[in-house]
Amino acid sequence: MREKELRLALVCYGGISLAVYMHGITKEIWRLVRASQAFHGGGVTGAGSQGVYHRLLESIAAETGLSLRILTDILAGASAGGINCIFLAQAISTGQSLEPLTDLWLDHADIDALADRDEIAVRRFMKNAAVPFAWAISNRSSTVEQTVEPEHQAEVRQKLANLVKAPWFQPPFGGPAFTRVLLDAFDAMAAEPAGPPLLPDYQPLDLFVTVTDFRGHPQSLRLNSPPEVIEQEHRLTLAFRDPGGETRRLADPAELAFAGRSTASFPGAFPPFQVAELDSVLAERNRAWPGRESFIERNIPPRPYAESRDQVVLIDGGVQAHAPFGACIQALRSRPASREVDRRFVYVDPAPGFRAVRWTATGTVEPPGFWATLFGAMSDIPREQPIRDNLETIERRSERIRRMRRIVESMRPEVETAINDAFGSTFFLTSPTPRRLQSWRSQANEIAARGAGYTYAAYAQLKMGAAIEEMAETIARLGGDSSDRDRHNRVRTALWQWADAQGITGEDAVRNGRATPALIAFFRSFDASFRIRRLRLLVRELAERHVGIEEVDESASDNARQTIYRLIARYEAPLTADMDAALTVEEASAFANADKDPAAAAAALEARLRLKALDDFTDEEIATALSALSRAPRRAAILTYLGYPFYDIATLPLLQGEGLQEFDPMKVDRISPDDATTIRSGTAATLKGIQFNNFGAFFSRAYRENDYLWGRLHGADRLIDIMVSTIPAETPLAPELVARMKREAFLAILDEERPRLKTIPGLFDELVAEIG
């Protein structure tokens with residue numbers, strides 16, 4: 001049976017109170033990933049929509065011969081979308097349930113719960129003065145009558161009145177109240193029974209949350225004239241990584257609350273965030289934050305003036321990076337591939353088409369007034385900037401991968417012939433041992449270098465340059481503040497000078513089509529990326545080219561793949577932030593002074609990487625794993641392993657030093673009310689949170705219940721579409737089967753939510769009739 005992984009990189013936009021709608025969508029993603037894990041691991045099928053997804057996976061396997069595995073391994077969000085990505089990432093990493101989060105959204109995402117309680121007593125004695133925030137969300141006095149259903153007008157009008165009693169130019173919502181809600185949510189998730197993590201051990205999980213540094217931090221830019229200028233950078237991305245392994249961990253809940261509170265500090269609604277606020281809430285709960293100092297040092301750039309990092313002011317992440325695709329694209333550099341991968345960037349846009357300029361009924365544009373211009377320039381327009389640049393970046397990368405795949409496949413016959421000519425007569429080729437693999441690899445490298453001719457010199461310099469740049473990035477990070485670009489540039493310059501002194505950067509580093517002993521020694525000591533790329537190609541050989549070969553023992557092949565994943569993790573570990581805490585005093589000193597003594601830093605990094613010893617261990621593991629395969633698959637795998645230098649010489653220049661990654665082009669899918677059209681079409685036809693400039697759901701529990709329910713329905717609708725789109729065109733799934741599965745998922749969601757969502761009984765009746 002053909003195997004494929006559908007990997008979701010999730011990007012969630014901001015949306016203020018539409019966070020409740022996005023919670024419904026992320027909850028369906030969580031249920032889909034759980035269903036996939038149960039389908040492949042023999043776990044409990046699950047009830048509700050999770051059971052429908054499980055049955056759909058069974059139908060896909062039975063009807064099309066495709067064993068589809070679904071996982072979410074990269075998440076990025078801004079503002080309200082950032083909060084939802086944080087909680088979903090925590091559930092994936094820990095195996096905790098998202099169910100407790102629903103009640104917290106419905107009960108606490110309300111202006112009364114989020115109000116700044118320290119100001120309540122003061123407000124009682126304040127005159128009714130409309131603050132800009134209240135004016136912006138109400139627009140005109142008739143808004144409630146025009147947009148709110150009669151049965152909810154009294155509730156909305158009362159809560160709107162509470163807002164306009166606030167002091168002038170004061171945020172109506174409380175920062176500490178918001179922080180408490182976030183911490184309560186993590187506690188509620190932890191209190192429920194947890195299942196296994198929702199990713200394989202070998203698969204890392206990356207989470208990126210954008211925030212805006214209100215005052216900014218200085219960044220130097222190198223020019224020709226003047227040689228350097230200083231500008232203020234306001235964009236910040238908080239990065240969290242669960243590297244995988246037997247014990248998974250994303251971050252301390254306090255750090256995740258830090259990210260959630262800061263990314264959703266919508267200007268005018270919530271006060272800006274400072275770390276002192278989180279410290280105060282943690283203190284009132286007698287709760288420790290063990291990694292506080294290291295977290296702040298990693299994520300908050302230093303200030304050259306008196307302000308400490310604790311005093312940095314952070315506001316809503318959507319102000320500067322509303323659609324954070326970039327970080328997700330960068331995260332693809334470290335993804336292992338166990339089988340054919342269908343990589344999807346799935347972005348959630350809860351209110352597409354809503355713009356700052358209001359259109360009249362006749363289709364003409366009304367000139368914006370004072371407040372509309374002000375709010376549009378400061379907030380709406382930056383948030384609505386199209387994602388065309390991001391999509392073009394994804395498409396360019398996908399095209400490079402497609403070209404690389406064509407090159408590799410066209411080269412394969414000649415490479416296999418070359419390796420077969422060199423080793424085919426070797427009696428022990430299908431009997432690998434560590435010593436034999438080491439000898440064969442060395443011979444294969446020489447054959448590839450000679451065959452490349454004069455192009456080998458360019459390849460060797462590119463590989464050397466990529467290794468030095470990776471060294472600079474790793475040493476700069478291990479030596480202290482990774483956000484200090486000035487220091488990073490000094491380390492980089494010092495390492496290049498050290499490389500020049502070693503004689504590995506000039507034209508004499510490659511002679512007569514062969515690297516000099518000095519360059520070979522450098523590659524053996526520092527070029528971890530080449531080893532990782534070679535292992536990834538071997539994984540692809542085992543995962544894809546062995547499919548359909550009768551001689552393949554799937555159990556032995558799977559064990560071999562798992563072995564290779566563990567080896568990849570061993571090579572990657574010293575290069576990741578997860579290993580920073582293990583530094584010795586001597587290592588820390590050498591890395592901290594790398595710009596002054598690059599030789600000592602290089603020696604410390606060489607000792608830390610231990611590539612030569614790891615190569616010996618890898619030879620033993622690979623020999624054992626391949627020996628368990630039957631003869632024909634074993635021979636094919638060995639030829640691919642030995643032939644890798646040929647492929648690398650051809651593809652590394654094409655990929656600009658990035659090397660083999662997931663090896664598959666990427667596609668982009670959107671989830672929004674405009675795309676989920678099976679039941680109803682359009683945001684205005686479904687969501688209540690869009691009212692009052694997307695603050696509507698904060699005014700009514702009925703509105704939150706409405707949007708949460710539609711989030712689940714839209715999520716199910718679009719996720720089934722995305723699942724079906726992975727099926728090869730030659731073996732399509734019957735449309736009537738897809739329609740039946742959607743209907744079953746919709747009805748399962750309604751049955752599950754009806755007892756909980758008690759303020760919208762009429763909507764349930766309408767939906768049952770519309771679904772049929």
Side-chain angles (χ1 to χ4, degrees), residues 14-24 26-27 79-84 87 98-121 123-124 131 133-134 136-138 143-144 147-149 151-166 170-188 257 260-261 263-266 268-271 281 316 350-351 687-712 753 756-760 763:
I16 313 174
S17 76
L18 293 175
V20 182
Y21 169 75
M22 287 187 281
H23 167 62
T26 56
K27 192 170 182 179
S79 194
I83 294 178
N84 279 287
F87 285 118
L98 277 184
E99 291 294 346
L101 195 58
T102 300
D103 289 333
L104 284 164
W105 274 120
L106 297 177
D107 294 339
H108 295 285
D110 187 276
I111 65 168
D112 286 346
L114 294 172
D116 187 347
R117 299 188 180 280
D118 295 336
E119 296 289 343
I120 288 178
R123 290 178 186 174
R124 292 172 182 167
V131 297
F133 167 77
I137 64 174
S138 62
T143 296
V144 174
T147 61
V148 178
E149 296 81 357
E151 63 269 26
H152 304 304
Q153 287 181 6
E155 178 189 12
V156 172
R157 194 178 289 109
Q158 176 60 46
K159 291 178 179 178
L160 187 60
N162 291 339
L163 286 181
V164 300
K165 294 178 182 178
Q170 290 292 323
F173 299 149
F178 191 8
T179 300
R180 294 184 190 102
V181 169
L182 294 173
L183 290 172
D184 288 343
F186 288 115
D187 290 342
R261 168 66 177 90
T263 192
S265 299
F266 189 85
F270 291 95
V281 174
D316 192 283
L687 302 186
K688 301 297 185 182
I690 61 173
Q691 296 181 18
F692 306 118
N693 282 5
N694 289 346
F695 281 87
F698 290 153
F699 287 87
S700 170
R701 181 184 175 96
Y703 282 8
R704 292 192 293 279
E705 291 186 358
N706 175 90
D707 289 3
Y708 161 69
L709 181 61
W710 276 113
R712 290 201 62 185
E753 295 296 349
R756 174 173 19 210
L757 309 182
K758 298 183 180 300
T759 66
I760 52 171
L763 177 61

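Values in this document were obtained by computation on a predicted structure and should not be read as measured data. Side chains included, hydrogens not; waters and symmetry mates left out as well; all remaining heavy atoms used.
- Across every non-hydrogen atom of F698 and A109, the tightest pair is CD2-O, 3.3 Å.
- Of all heavy-atom pairs spanning G82 and T263, the tightest one is CA-CG2, 4.3 Å.
- Annotation for Y703 and A697: closest pair CB-CA, 4.0 Å, computed over non-hydrogen atoms.
- For the pair I83/M22, no side-chain contact is recorded, criterion being any heavy-atom separation below 4.5 Å from C-beta on.
- Looking only at distances, a side-chain donor or acceptor of D707 sits under 3.5 Å from a matching main-chain atom of K688.
- Between the side chains of S265 and R261, at least one donor N or O sits under 3.5 Å from an acceptor N or O.
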**OP:** Could you check N84 against W105 for side chain to side chain contact (heavy atoms under 4.5 Å, CB included), going step by step and ending with a plain yes or no?
**Re:** CA-CA 11 Å; N84 279 287; W105 274 120; 4.1 Å; yes
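- In this structure R712 satisfies the salt bridge (charged side-chain N to carboxylate O under 4.0 Å, His left out) test together with E28, E752, E753, sequence neighbours excluded.
- For the ring-ring contact (aromatic ring centres under 6.0 Å, His included) with H23, the lone residue among F87, Y708, W710 that qualifies is Y708.
- Without hydrogens or angle criteria, S700 side chain to A702 main chain gives a donor-acceptor distance under 3.5 Å.
- In terms of the salt bridge (charged side-chain N to carboxylate O under 4.0 Å, His left out) criterion, residue partners of D184 (sequence neighbours excluded) are, by chain and number, R285.
- Across every non-hydrogen atom of S17 and G689, the tightest pair is OG-O, 3.4 Å.
- Within the 4.5 Å cutoff, side-chain heavy atoms of L757 are placed close to those of L106.
- Of all the heavy atoms in P350 and L687, the pair that sits closest is O-CD1, 3.6 Å.
- When all heavy atoms are compared, the tightest approach of T26 to L98 is O-CD1, 4.0 Å.
- A salt bridge links K27 with E99; the closest basic N to acidic carboxylate O contact falls under 4.0 Å.
- In this view, A257 and L182, L183, F186 satisfy the side chain to side chain contact (heavy atoms under 4.5 Å, CB included) rule, not counting sequence neighbours.
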